[in-house]
K.L.:
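Before I ask anything, here is the structure I am working with.
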Amino acid sequence: MAKNKPTERMIKTSIDLTSDQYQYLKIKALERKMRGEDPSFVTILRELIEEDRKKWKEKQK
């Protein structure tokens, strides 16, 4: 996944998750932890957003 550039400005925000969404992220975090990767929810969400943005941009072409 794309890493953020140091010059990119980040915006702090909060989100509400359903129980199902929370469990999904929890499972993904545990899978990553077992592989020795970064298990943070924020990292997982950021990567999912970037993946979706990539697909969205491809559809726009």
Side-chain angles (χ1 to χ4, degrees):
M1 284 284 121
K3 297 289 179 199
N4 292 324
K5 299 174 190 127
T7 57
E8 243 182 317
R9 181 124 172 106
M10 297 297 235
I11 298 171
K12 290 185 180 183
T13 188
S14 63
I15 60 170
D16 294 324
L17 299 173
T18 65
S19 180
D20 287 344
Q21 291 168 330
Y22 179 80
Q23 289 301 320
Y24 172 81
L25 289 174
K26 195 171 180 179
I27 290 168
K28 288 291 184 186
L30 286 171
E31 289 172 356
R32 285 171 179 245
K33 188 174 183 181
M34 290 172 60
R35 291 192 308 247
E37 297 176 9
D38 185 1
S40 81
F41 281 18
V42 175
T43 301
I44 295 168
L45 287 171
R46 191 177 297 131
E47 289 176 359
L48 289 170
I49 291 167
E50 285 301 317
E51 188 178 303
D52 189 63
R53 286 180 68 207
K54 215 182 228 184
K55 289 177 187 175
W56 183 72
K57 284 182 180 181
E58 287 174 3
K59 282 185 179 179
Q60 298 297 315
K61 290 181 182 181

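Below, each value reflects all heavy atoms present in this structure, side chains not excepted, and no hydrogens, waters or symmetry copies.
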K.L.:
Give the intermediate values and the outcome of salt bridge (charged side-chain N to carboxylate O under 4.0 Å, His left out) for residues Arg53 and Glu50.
P.N.:
CA-CA 5 Å; Arg53 286 180 68 207; Glu50 285 301 317; 3.0 Å; yes

K.L.:
Salt-bridged, Arg32 to Glu47, with N to O below 4.0 Å?
P.N.:
yes

K.L.:
Measuring from atom CG of Asp52 to atom CD1 of Ile49, what distance do you get when rounded to the nearest 0.5 angstrom?
P.N.:
8.5 Å

K.L.:
Below 4.5 Å, heavy atoms only, C-beta onward: do Lys33 and Asp38 meet side chain to side chain?
P.N.:
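Answer no - side chains too far apart.
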
K.L.:
Ala29 and Pro39: which non-hydrogen atoms are nearest, and at how many Å?
P.N.:
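Here Ala29 and Pro39 meet closest at CB-O, 3.1 Å.
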
K.L.:
I'd like to know if the side chain of Gln23 reaches the main chain of Asp20, judged simply by a donor and an acceptor atom lying under 3.5 Å from each other, with no hydrogens or angles considered.
P.N.:
no

K.L.:
Are any non-hydrogen side-chain atoms of Leu25 and Gln21 less than 4.5 angstrom apart?
P.N.:
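No. Closest side-chain heavy atoms not under 4.5 Å.
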
K.L.:
Which of these passes side chain to side chain contact (heavy atoms under 4.5 Å, CB included) with Ile44: Glu37, Lys28, Lys26?
P.N.:
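The passing option is Lys28.
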
K.L.:
With a 4.5 Å limit on heavy-atom distance, are the side chains of Tyr24 and Leu48 in contact?
P.N.:
yes

K.L.:
Using the rule side chain to side chain contact (heavy atoms under 4.5 Å, CB included), only one of Lys59, Lys54, Gln60 pairs with Trp56; which is it?
P.N.:
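By the side chain to side chain contact (heavy atoms under 4.5 Å, CB included) criterion, Trp56 pairs with just one of Lys59, Lys54, Gln60: Gln60.
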
K.L.:
Shared ILVMFWY cluster between Met34 and Ile27, side chains joined below 4.5 angstrom?
P.N.:
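No, Met34 and Ile27 fall in different hydrophobic clusters.
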
